[in-house]
Amino acid sequence: TQLLEQSPQFLSIQEGENLTVYCNSSSVFSSLQWYRQEPGEGPVLLVTVVTGGEVKKLKRLTFQFGDARKDSSLHITAAQPGDTGLYLCAGPQYNTDKLIFGTGTRLQVFP
Amino acid sequence: EPEVTQTPSHQVTQMGQEVILRCVPISNHLYFYWYRQILGQKVEFLVSFYNNEISEKSEIFDDQFSVERPDGSNFTLKIRSTKLEDSAMYFCASSRRTVDVASPLHFGNGTRLTVT
């Protein structure tokens with residue numbers, strides 16, 4: 001079974017700080033997706049990365065897919081309280097319709 | 001923008017009772033899913049549904065669980081005889097294509113099931 005481990009599990013920072021969240025696996029994934037989930041809501045897609053080494057930017061968020069397609073990172077520049085939430089990476093289990101979710105990183109940004 | 005809608009938002013039931021969780025996926029999507037998230041734990045896959053049949057299911061999805069798409073718009077999850085450990089947020093999701101081709105999932109806001 002393919003597993004996705006995220007680190008750190010929890011992160012509390014002040015507004016304006018930078019942070020990086022990691023998503024790691026021992027397995028190769030054809031693609032990885034990043035979602036953000038707020039309390040009482042379902043996960044919302046932020047980005048999909050497909051090519052090894054790919055970097056995608058979404059305003060202050062930078063996503064990178066590892067060269068070997070086994071890991072990914074999410075870097076947030078100058079975090080804001082609105083970035084608070086649960087960040088989830090997810091990838092398709094090989095040759096199935098099943099999306100596997102990572103363990104999640106809960107981010108709290110204080111004003 | 002079209003969205004996945006789930007009802008009810010919160011369901012409280014007694015152990016041993018049957019519950020039906022309802023979802024209306026996005027209309028032009030072809031793949032439908034149920035996931036659950038026990039409080040404080042990760043999002044877990046339950047089942048995927050394509051072309052009017054189950055395409056994948058997890059070990060969690062035992063004989064107590066069933067899914068149906070009765071009328072071409074609704075997608076339901078039935079738990080026949082609920083157990084305390086079924087208490088969780090249940091998320092419905094849909095996608096245009098299979099996740100294997102990087103097609104994103106669109107999630108509903110979930111049904112919080114509490115079994116007492």
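These values consider heavy atoms only, across backbone and side chains, with no hydrogens, waters or symmetry-generated copies.
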Return the option, out of Val43(B), Val4(B), Val47(B), with the maximum number of heavy-atom pairs under 4.5 Å with chain A.
-> Val43(B)
Here the pair of heavy atoms bringing Asn95(A) nearest to Glu56(B) is O-OE2, 4.4 Å
Taking everything shown except Glu3(B) itself, do over 12 heavy atoms lie less than 6.0 Å from its CD?
-> no
Tyr90(B)-Ile54(B) co-clustered via ILVMFWY side chain contacts under 4.5 Å = yes
Please name the pair of heavy atoms, one in Ser55(B) and one in Asp97(A), separated by the smallest distance, quoted to 0.1 Å.
-> OG-OD2, 2.8 Å
Please examine the side chains of Leu105(B) and Tyr35(A), heavy atoms only from C-beta on, and report whether any two atoms are closer than 4.5 Å.
-> yes
Under 4.5 Å between side-chain heavy atoms, hopping through other hydrophobics if needed: is there a path connecting Phe32(B) to Ile79(B)?
-> yes
Rounded distance [0.5 Å steps], OG1 in Thr98(B) versus NZ in Lys98(A) = 13.5 Å
Transitive ILVMFWY side-chain link Trp34(B) to Phe49(B), under 4.5 Å = yes
Applying the 4.5 Å side-chain criterion to the ILVMFWY set and letting contacts propagate, would Leu84(B) and Leu46(B) be lumped into a single cluster?
-> yes
Select one option (side chain, backbone, both, neither) describing which atoms of Gln6(B) are under 4.5 Å from chain A's heavy atoms.
-> neither
Taking Leu99(A), Thr48(A), Leu45(A) one by one, which has the highest count of heavy-atom pairs under 4.5 Å against chain B?
-> Leu99(A)
Say whether Phe110(A) and Tyr87(A) are linked into one hydrophobic cluster, either directly or through other cluster members, by side-chain heavy-atom distances under 4.5 angstrom.
-> no
Go through the atoms of Gln33(A) and report whether side chain, backbone, both or neither lie under 4.5 Å from a heavy atom of chain B.
-> side chain
Option that, when pairs with chain B are counted at under 4.5 Å, heavy atom only, ranks first among Gln6(A), Glu38(A), Gln37(A) = Gln37(A)
Over 12 foreign heavy atoms within 6.0 Å of CZ, Arg36(A) | yes
Which bit of Leu32(A) comes within less than 4.5 Å of chain B, counting heavy atoms only: side chain, backbone, both or neither?
-> neither
